[in-house]
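Below is one structure, written out as structure tokens; comments come after it.
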There are 2 protein chains.
Amino acid sequence: MASRPTIADIAKRVGVSPGAVSFALNGRPGVSEATRARILEVAREMNWRPHRAARALGGSQAGAVGLVLARDPRTLGSEHFYTQILYGMQEALSARSIAVQMQLVRDTSAEIALYRDWASEHRVDGLVLVDQQVSDPRLDVVRELAIPAVTLGLPAVADQLPSVWVDDHEAMTTIVDYLAALDHRRIAHVAGPPLYQHTARRMQALREHGSSRGLSSESLPTDFSDAQGAAATRALLSRPAPPTAIVYDSDVMAAAGLGVALEMGVPVPQDLSIVSFDDSVLARIVHPALTCLSRNTYELGAQVAESLLEVIADPASRRSVRTETPRLVVRGSTTRPAR
Amino acid sequence: MASRPTIADIAKRVGVSPGAVSFALNGRPGVSEATRARILEVAREMNWRPHRAARALGGSQAGAVGLVLARDPRTLGSEHFYTQILYGMQEALSARSIAVQMQLVRDTSAEIALYRDWASEHRVDGLVLVDQQVSDPRLDVVRELAIPAVTLGLPAVADQLPSVWVDDHEAMTTIVDYLAALDHRRIAHVAGPPLYQHTARRMQALREHGSSRGLSSESLPTDFSDAQGAAATRALLSRPAPPTAIVYDSDVMAAAGLGVALEMGVPVPQDLSIVSFDDSVLARIVHPALTCLSRNTYELGAQVAESLLEVIADPASRRSVRTETPRLVVRGSTTRPAR
DNA sequence: TCCCCCAACTACACCGGTTTAGTCGCGAAC
DNA sequence: GTTCGCGACTAAACCGGTGTAGTTGGGGGA
């Protein structure tokens, strides 16, 4: 009884046909301005809202976009980053009452299966692909399914999808320059899995830029867990000539590394400088607080949403957006190395 | 062209009517077993999947449930907890191909507005209400909208919604008993906002149980931020007779408090024991690692999902589920107080 | 043998929008 | 004065399922 008003209810009340109401509500020609105004007023008065399913059925807009995180969620350490991204996206999309469908899955194959499900159920109008891989099996699937998508990461060279990207090369360069200016000569990098494009890119940047500046440098890959971050740190600090600075691919690993250093009696920052690629509450509350690259993740999410809307509107669009390089926030974990 | 097969396609191929196919696919009487088998086989062969919107339009199942987090997302510290909850829910629901629609909003009024939107757009079949408040304005709205819902928190006494709950009273009792057994006599509690029911409950438990054991105890409310957690810690440790143990309502505040203690030259755990109500990576990687209450958050999420399905199936259901009390995980941040 | 009943199906309306193919009326052009 | 054109609107099909009211055929009971 008290069920939501439909377009037919509005039509009856205004005295026009349902079709006319649809025209009016969607701002398309076919009704006079006077009638349109009447209809809009009545719709507002009756508190009308489109029935999503009905729209999705007729047209083809599901009114939702999808974001899948493929990680072992029990050990996820990047919640903060993706929470911010999600929030940025939602703020940008809620005005158009588009929902963001976020789902956590175990691995990439589950992610791909989910894309197929979503496609066949018409659940989403577009996808955001995060954690881009060097050789990414998702790209083929997305193309096959013909769902509009953007990547958050480097532009996929071979297989063009529009992307919103941060220049990880330049980011690493910024860090290396900063550390070199402080007179650090032996820099280590506790990286993520080289499977990920951003990790690969950072490793490459360190190798190239480090050697061009005459530094000794090295990247140790990990699985992003605090355990492996700690282990890598322990290995590095046990060497005869340990690095004077370690750059970590994530805040969790950096904090874990800091713990190892303190435990091993290596004072931070005096004997070891620590830099993290991620900023977060965690980076702020450990002692000393971590020097890190910081970016406006919220903005990044909003940008992703905008780009995705563009691709949905025009599936042929291939416009990639480069976002500003993260800036270095210096905190207590870095200083000149003691001689 | 290569568009998804519909029920009509299957019907044509099998040589029956679309209605019969619908019966067969939904396991309801009206077709013979032989025909049903044929239909199921052809459906699988053609890789048929129901069109969500079509189902939602006819019946009334949107195939999604909603979860809203109302916090200032820029300072969110509980990502880990809710990520786990979300994952647990998704695992439990994906088998029935029900999606979890999670959204972050700024505050409770935005949360309520979102519920109204979702209701009028028929986006969700049910809601999970988290961060239950002492006097919760959401309860009336949910009842008014007549959406099946469960709360994650204490059972709402006045206004019965089924809930999945953890006994915060007993949790606090566990901590107090543990600290008392170690001979702590002055215990402080850095709490969240007393607006939240679980915080209020913990404060009450500490007051009652502490005094019954002859302890001096006190709760300081905060906004859950690391800044206020740090400030409260500073205030407590500056007193003439500072507490020998502090219990924090969140891992972020506990870690921030730990930082303050070390900075003020108060050795942890010798002069100050620290206990956190939340477990997480953070609690593990700081030094010393934090003693905390730990619970299977993933299970909790799954349980929430089950309960919600129950209410959706039978909106009159009022069954609340009490989950097991979190267990205390002792790490390096607690010990007997130095005399 | 006839009738009734029931299982097994079909036909069709329906959900709430969108969209296309008209219809109508009126002013301008010839 | 008839015709053309166009703006404003209506009727009806359609999207892909679900649910209900028939319809049919065959077996069992009287």
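First the proteins, then the strands, lettered A, B, ... as listed; each starts at 1. This is a predicted model, so every value here is computed, not measured.
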Go through residues 36-49 of chain B and report each residue with a non-hydrogen atom lying under 4.0 Å from DNA chain D, sorted by number. B:W48, B:R49

Inter- and intrachain pairs under salt bridge (Lys or Arg N to Asp or Glu O under 4.0 Å), touching residues 15-25 of chain A, at least two apart: none

Can you tell me if A:T6 touches the phosphate of C:dG16, counting only side-chain N or O atoms and a distance under 4.0 Å to OP1 or OP2? no

Assign the ring pair B:H198 / B:Y196 to parallel, tilted or perpendicular, where the plane angle (0 to 90°) is split at 30° and 60°. parallel

Return the value, rounded to whole Å, for the distance between atom CZ of B:F23 and atom P of D:dG16. 20 Å

Checking C:dT10, D:dG17, C:dG16 against the side chain of B:S17 (C-beta onward), the nearest is C:dT10

Could you tell me whether A:S32 contacts a base, only the sugar-phosphate backbone, or nothing, with contacts defined as non-hydrogen atoms closer than 4.0 Å? sugar-phosphate

Can you tell me how far C1' of D:dC15 sits from CG of B:L57, to the nearest Å? 9 Å

Should A:T35 be listed as having a side-chain N or O under 4.0 Å from OP1 or OP2 of D:dC9? yes

Atom pair distance, as rounded to whole Å: CD1 in A:I7 and P in C:dC15: 14 Å

Can you identify which nucleotide, out of D:dG19, D:dG17, D:dT10, has its nearest atom closest to the A:V16 side chain? D:dT10

d(CZ, B:R28; C1', C:dA8) in whole Å: 16 Å

Is the phosphate of C:dG17 approached by A:S22 (side-chain N or O, under 4.0 Å from OP1 or OP2)? no

Using the six-membered ring wherever Trp is involved, compare the ring planes of A:Y87 and A:Y298 and label them parallel, tilted or perpendicular (cut-offs 30° and 60°). tilted

Other residues, nucleotides, ligands: >12 heavy atoms within 6.0 Å of B:E324 CD: no

Given atom CD1 of B:I10 and atom C1' of D:dG17, what is their separation to the nearest angstrom? 11 Å

By the ring-ring contact (aromatic ring centres under 6.0 Å, His included) test, which pairs, at least two apart or in different chains, include something from residues 88-114 of chain A? none

In whole angstrom, give the distance that lies between atom NE2 of A:H51 and atom P of C:dT18. 12 Å

Does OP1 or OP2 of D:dG16 have a side-chain N or O of B:R55 closer than 4.0 Å? no

Interatomic distance, A:Q61 CD vs C:dG16 C1' [rounded to whole Å]: 17 Å

Between B:R116 and B:E121, does any NZ, NE, NH1 or NH2 come within less than 4.0 Å of an OD or OE carboxylate oxygen? no

